[in-house]
Amino acid sequence: MAQFQTLPGFREFYPEDLARRNHIFRLWRQTAHAFGFAEYDAPVLEPLDLYRAKSGDEIEGQLFSFTDKGGREVALRPEMTPTVCRLVGAKASALKRPVKWFSLAEFFRYERMQKGRGRCFHQFNADIFGEPGPEAETELIALLVQCLCAFGLTEQDFYVRLSDRNLWFYYLEALGLDEARIRAVLGAVDRYEKYGDDAFQGYAELFGPLDPALKAQVLAFLQIKSLGALEQALAAIGGDKLAARLADWKKLLGGLDAMGLARFVEVDLGVVRGLAYYTGFVFEAFDRKGELRALAGGGRYDDLVEKLGGPALPAVGFAIGDMTFALLLEQRGLTPALVSAPDVYAVIGGPAERRAAFADIHALRAAGFRVEYPFRELAFGKQFKAAAESGARLALIYGGDELAKGVVKIRDLTDRSEREVPRDQAVVAVRDLLAGA
RNA sequence: GCGGUCAUAGCUCAGUUGGUUAGAGCACAAGAUUGUGAAUCUUGGGGUCGCGGGUUCGAGUCCCGUUGGCCGCCCCA
């Protein structure tokens, strides 16, 4: 048995595990439909260059990549964003906008396993293309919140931190920093929560120590936790670009507030999301207790479709991973008990009765009922025990006495009442009994 | 890539300073029970003790290596 084991970091889904996963997928899918998002899927295997183009050569170390028999460099997809950008980009002129798409898909990353992270995982991805304004962010953050609330999670359990890469960029620009320095400062901002002052070491190595006055302004901006504080900070600086960003912030937070979702969202400029391709709002969802890694993350990436060979097309998206999310549900006791019981269990007297029983069993199944029966001849006592253990609502009894009378006996396993119905009315009787209770 | 820790039946675990043929509970299966229910009793299947090497008269137990799990660091699209 130990001869062949699962590859490290990969998961096997036994029926109970798959039932849990399906439950999560079912609610995500339902929620996305309610928001008017259309589902798509795409290949698991993609050209390696698709990811190099988006993230640079160093990404290769994190990929399951190899050369196929045709000499092509390929990789198992580590994320959906480049793929969906290609799909939308290829048909951009034919798609009605805004394009609202989602997917449920499996991804692969060659990484060390940790709590909430494996080498394969599933993500719910949702993206909106063709909408440059904050209305798209409003829609997506509302969808993100509802994707978690659908399971019974509340604002006590999770929250969404909202930030803005462009705002940072314009702000630092206004403070007189050039692009290279701005990127280095953003790197420090991203790490500040974890490393404190040490986060600025990377900047110091490149450009020397950051001017103390500038650093104080960066840290003050980093501490901003409300729209009011943001407005105040920006008023002191002025400028059209910052004013436009502030207007977008007001629109986004106002929209979420009108939906009753303000309690889930916190202004937090400490979120930068390392990746350089984000161009505006960025957001991440976390558990309130701060025990788990990020539940979900996303943001605006207006340049990516064009960078990957499509037309210029604004875009926003986010993804929820299944592993951390399942951990949170588990922690909060929101993993539902699995009910998987047949509707009917057939109790069969012997070989002669089996023929009659099979006819009805198949007719019931064709009518959509879930029916079980014992494969081998068993004593009646055993069969009733098996019927009770199966969780079936009804037992259909095919014995010599019943068949001689042309009837089948139906026993309600919940109240132990019994009745006899003519064989040709078995399907109707089962339907009535199951519907009636 | 680095560090810590663990590995005995399908699951949870016991196993004495190293000592006979490695155990229990749960789960699974058969019988008691050939027309009516979760009980009870009896019985059974299942382990190269993760894998490989070493020390020893003798290793589940001690040593080395290796693989894998878990936790953390780096990274995190």
Side-chain angles (χ1 to χ4, degrees), chain A residues 1-12 14 16 46 50-56 58-63 75-85 107-119 121 123 125 127 187 190-191 194-195 202 271-278 282 284 291-299 301 304 307-308 317-319 321 323-324 327 341 345 347-353 376-404 409-418:
Chain A
M1 270 309 282
Q3 210 166 358
F4 298 105
Q5 35 186 308
T6 321
L7 257 16
F10 282 76
R11 298 184 288 172
E12 292 169 308
Y14 283 78
E16 279 182 30
E46 291 276 18
L50 181 64
Y51 305 110
R52 286 209 190 104
K54 182 199 165 223
S55 307
E58 62 279 5
I59 197 68
E60 207 170 323
Q62 317 260 26
L63 296 178
L76 289 169
R77 62 184 174 197
E79 58 166 327
M80 197 55 113
T81 307
T83 300
V84 71
C85 283
F107 301 94
F108 305 87
R109 295 178 187 176
Y110 199 87
E111 294 188 286
R112 192 81 175 141
M113 288 184 62
Q114 264 175 66
K115 190 175 185 179
R117 192 170 80 178
R119 287 182 171 181
F121 55 95
Q123 278 185 349
N125 272 263
D127 296 89
D190 193 31
R191 294 163 158 270
K194 202 164 185 179
Y195 299 99
V271 176
V272 177
R273 289 184 73 73
L275 274 293
Y277 67 85
Y278 283 113
V282 289
E284 294 188 323
E291 292 171 346
L292 304 170
R293 53 180 63 243
L295 291 160
Y301 50 97
L304 199 55
K307 193 172 170 188
L308 294 174
F318 73 87
M323 293 183 76
T324 301
L327 283 172
Y345 191 99
V347 173
I348 301 168
E353 292 82 6
R376 289 177 301 150
E377 306 302 334
L378 285 178
F380 271 90
K382 270 257 189 299
Q383 294 191 61
F384 280 105
K385 187 171 170 181
E389 282 174 353
S390 77
R393 290 266 311 284
L394 302 175
L396 261 54
I397 302 157
Y398 292 90
D401 302 344
E402 287 81 6
L403 291 190
K409 189 184 281 180
I410 302 180
R411 180 179 175 88
D412 187 321
L413 292 166
T414 54
D415 65 11
R416 304 193 178 196
S417 65
E418 293 185 347

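No hydrogens, no waters, no symmetry mates; every other heavy atom, side chains included, goes into these values. In what follows, every chain begins at residue 1, and chains take the letters A, B, ... in the order their sequences are listed. For clarity, every value in this text was computed on a predicted model and none was experimentally measured.
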Requested in this report: Determine the interatomic distance between C1' on B:U42 and the same-named atom on B:G50; round to the nearest Å.
Outcome: 35 Å

Query raised in the report: Stepwise, does the salt bridge (Lys or Arg N to Asp or Glu O under 4.0 Å) test hold for A:K409 with A:E418?
Result: CA-CA 7 Å; A:K409 189 184 281 180; A:E418 293 185 347; 3.7 Å; yes

Query raised in the report: In whole Å, what separates the C1' atom of B:C49 from that of B:U36?
Result: 46 Å

Report summary line: When A:E79 and A:T6 are each assigned the nearest nucleotide of RNA chain B, the 5'-most assignment goes to A:T6

Query raised in the report: Taking any strand in view, what nucleotide pairs with B:G60 in a Watson-Crick or G-U wobble way, both distances under 3.5 Å?
Result: none

Requested in this report: Rounded to whole angstrom, note down the C1' distance from B:G68 over to B:G52.
Outcome: 15 Å

Query raised in the report: How far, in whole Å, is B:G25 from B:A7 if one measures between their P atoms?
Result: 23 Å

Query raised in the report: What residues form a side chain to side chain contact (heavy atoms under 4.5 Å, CB included) with A:A319, not counting sequence neighbours?
Result: A:Q123, A:N125

Report task. Would you mind classifying the nucleic acid contact of A:G9 as base, sugar-phosphate or nothing, using non-hydrogen atoms under 4.0 angstrom? Result -> sugar-phosphate

Query - Short side-chain N/O contact from A:R119 to OP1 or OP2 of B:C75, under 4.0 Å - result: no

Query - Identity of whatever pairs with B:A14 - Watson-Crick or G-U, under 3.5 angstrom - result: none

Query raised in the report: Taking CD from A:E111 and C1' from B:C2, how many angstroms apart are they, rounded to a whole number?
Result: 15 Å

Query raised in the report: If only atom types and distance count, is the side chain of A:Q383 paired as donor or acceptor with the main-chain N or O of A:I348 below 3.5 Å?
Result: yes

Report summary line: pair_partner(B:G72), Watson-Crick or wobble, both distances < 3.5 Å, evaluates to B:C2

Requested in this report: May I have the step-by-step check of side chain to side chain contact (heavy atoms under 4.5 Å, CB included) for A:Y51 and A:T81, ending in yes or no?
Outcome: CA-CA 10 Å; A:Y51 305 110; A:T81 307; over 6 Å; no

Report task. Could you tell me the separation between the CD atom of A:Q114 and the P atom of B:G3, rounded to a whole number of Å? Result -> 16 Å

Requested in this report: Could you go through the side chain to side chain contact (heavy atoms under 4.5 Å, CB included) check for A:K115 and A:R293 one step at a time?
Outcome: CA-CA 8 Å; A:K115 190 175 185 179; A:R293 53 180 63 243; 5.9 Å; no

**Report entry** Whole-angstrom distance between B:A29 and B:C6, as gauged at atom P
**Finding:** 37 Å

Query - Heavy-atom donor-acceptor pair, A:E353 side chain to A:G350 backbone, under 3.5 Å - result: yes

Query raised in the report: Which letters describe nucleotides 35-45 of chain B, given B = protein heavy atom under 4.0 Å from base, S = only from sugar-phosphate, - = neither?
Result: BBBSS------

Query - Whole-Å gap separating C1' (B:A77) and CG (A:L308) - result: 12 Å

**Report entry** Step-by-step side chain to side chain contact (heavy atoms under 4.5 Å, CB included) determination, A:T324 to A:F121
**Finding:** CA-CA 10 Å; A:T324 301; A:F121 55 95; over 6 Å; no

Report task. Could you tell me the separation between the CG atom of A:L7 and the C1' atom of B:G68, rounded to a whole number of Å? Result -> 12 Å

Requested in this report: With sequence neighbours left out, write down each residue that passes side chain to side chain contact (heavy atoms under 4.5 Å, CB included) with A:Y110, or none if nothing qualifies.
Outcome: A:F64, A:R119

Report task. Take atom CD of A:E291 and atom P of B:G72, then tell me their distance rounded to the nearest Å. Result -> 11 Å

Query raised in the report: Does any donor-acceptor pair link the side chain of A:R112 with the base of B:C71 at a separation under 3.5 Å?
Result: no

Query raised in the report: Which part of the nucleic acid, if any, lies within reach of A:P78 when heavy atoms closer than 4.0 Å are counted: base, sugar-phosphate only, or nothing?
Result: base

Report task. Quote, to the nearest angstrom, the P distance that separates B:U34 from B:A27. Result -> 24 Å

Requested in this report: For B:U8 versus B:A14, give the span between their C1' atoms, rounded off to a whole number of Å.
Outcome: 10 Å

Query raised in the report: Between A:K54 and A:K307, is a side chain to side chain contact (heavy atoms under 4.5 Å, CB included) present by the stated rule, with each step listed?
Result: CA-CA 8 Å; A:K54 182 199 165 223; A:K307 193 172 170 188; 6.0 Å; no

Requested in this report: Tell me what A:M113 touches on the nucleic acid: a base, only sugar-phosphate, or nothing, going by heavy atoms under 4.0 Å.
Outcome: sugar-phosphate

Report task. Among the candidates B:G72, B:C76, B:G69, find the nucleotide nearest to the side-chain atoms of A:R109. Result -> B:C76

Query raised in the report: Can you tell me how far P of B:C11 sits from CD of A:E12, to the nearest Å?
Result: 12 Å

Query raised in the report: Please give, in whole Å, the distance from B:G69 C1' to A:F10 CZ?
Result: 16 Å

Query raised in the report: What's the CD-C1' distance between A:E60 and B:C75, to the nearest Å?
Result: 16 Å

Query raised in the report: When you measure from the side chain of A:R376, which nucleotide among B:U34, B:A30, B:C75 comes out closest?
Result: B:A30

Query - C1' gap between B:G31 and B:G45, integer Å - result: 15 Å

